[in-house]
Amino acid sequence: MIDLHSHSIFSDGELIPSELARRAMVEGYRAIAITDHGDQSNIDFIIPRLVKVCQKLTDAYAIQVIPGIEITHVPPEYIFELALEARKHGAKIVVVHGETIVEPVISGTNMAALQSSIDILAHPGLITEEESLLAAENSIYLEITTRKGHSLTNGHVARVARRTKAPLILNNDSHSPRDLVNKEMARKIALGAGLTEEETGIMFHNSELLLKKASEK
Ligand SMILES: [Zn+2]
Ligand SMILES: [Zn+2]
């Protein structure tokens, strides 16, 4: 299992990175990206610290731990520059907190994210076909999430992505150890979103592709 979207105490997660990585390892994960919520106030603080600990954990354990960021509730006009800044600080996975229907994420966030140098648009809610086409064009992964609330629109995301050939990725968006679902449950959630077994396999493979790309950076 690979999860490229998770949270530590550097935002609203329950665990420090070392425990998160160890718990994920024990659950059989091969890789996890720690992508705490970031805006202009904190990315220069969070990312270098994650870079440091992720390297130590990857060296010590049989799990790859990747430093990242989830740009969250940032006004759309600043997303482009903040994504570039996050990369400069060392984020290897850049996620944007998309327009989930369970939070008042401002409209225009999905569009701004898909025009920026990011890897994953998380929980994109009622994403439009136009936005999804842009995801396909810019090779940005749209997220199918196992997280409660955000997962309410998984079926919609799966359908629009299929129509527009946008790549999908499955993440847990874990904030606590109980959110680290195993691959079998992840598979069931994907099937529940209306994906076929084949599409689910491709989606899991996309995690490998993005992990490889992130490790090469
Ligand atoms: Zn989010
Ligand atoms: Zn998140």
Side-chain angles (χ1 to χ4, degrees), residues 1-17 19-21 23-24 27 29 31-43 45-47 49-50 54 65-76 78-79 82-83 86 91-114 116 118-127 131-132 135 140-154 156-158 161 168-181 186 189 193 203 206-207 210-211 214:
M1 181 76 185
I2 298 170
D3 184 3
L4 298 177
H5 177 179
S6 73
H7 296 274
S8 75
I9 52 141
F10 281 107
S11 57
D12 55 351
E14 289 177 11
L15 306 175
I16 61 170
E19 184 169 353
L20 176 58
R23 296 263 191 168
E27 292 299 322
Y29 284 53
I32 188 164
I34 305 178
T35 55
D36 279 300
H37 296 293
D39 64 12
Q40 290 91 341
S41 71
N42 65 359
I43 69 164
F45 176 80
I46 297 175
I47 300 171
R49 281 163 179 78
L50 287 177
C54 287
V65 191
I66 311 284
I69 197 78
E70 180 178 14
I71 295 173
T72 304
H73 284 280
V74 166
Y78 303 130
I79 290 176
L82 204 60
K92 290 186 173 161
I93 297 283
V94 178
V95 180
V96 168
H97 186 87
E99 294 176 37
T100 172
I101 62 168
V102 296
E103 282 174 33
V105 177
I106 195 164
S107 167
T109 297
N110 283 354
M111 197 42 122
L114 293 166
S116 303
I118 69 159
D119 301 299
I120 298 170
L121 177 59
H123 45 70
L126 295 172
I127 186 167
E131 289 161 352
S132 190
I140 293 170
Y141 294 97
L142 299 181
E143 186 184 70
I144 296 295
T145 178
T146 64
R147 185 149 181 82
K148 60 181 186 299
H150 297 333
S151 59
L152 288 168
T153 53
N154 276 346
H156 170 80
V157 175
L168 291 173
I169 202 159
L170 181 138
N171 292 316
N172 291 318
D173 197 353
S174 75
H175 287 68
S176 113
R178 51 186 180 277
D179 296 334
L180 293 166
V181 309
I189 290 169
M203 179 169 66
N206 285 343
S207 297
L210 181 53
L211 174 65

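These numbers come from the heavy atoms of this one structure, side chains and all, not from hydrogens, waters or symmetry mates. Remember, it's 1-based here, ligands and their atoms both numbered in the order they're listed. Just so you know, residue 1 is the first one in the sequence shown, and it goes up from there.
For Y141 and N171, the side-chain atoms include no donor-acceptor pair closer than 3.5 Å. Residues H37 and D12 bring a donor and an acceptor atom of their side chains to less than 3.5 Å of each other.
Within the protein, the N, O or S atoms lying under 2.8 Å from the Zn ion (ligand 1) are E70 OE2, H97 ND1, H123 NE2.
Screening residues 92-107 for salt bridge (charged side-chain N to carboxylate O under 4.0 Å, His left out) gives no qualifying pairs among residues at least two apart or on separate chains.
Listed by chain and number, the residues in a side-chain hydrogen bond (donor to acceptor under 3.5 Å, both in side chains) with S116 amount to none (sequence neighbours excluded). Contacts of T100 classified as side-chain hydrogen bond (donor to acceptor under 3.5 Å, both in side chains), with partners at least two apart in sequence or in another chain: H150.
The heavy-atom pair separating N42 from D39 by the smallest distance is OD1-N, 2.9 Å.
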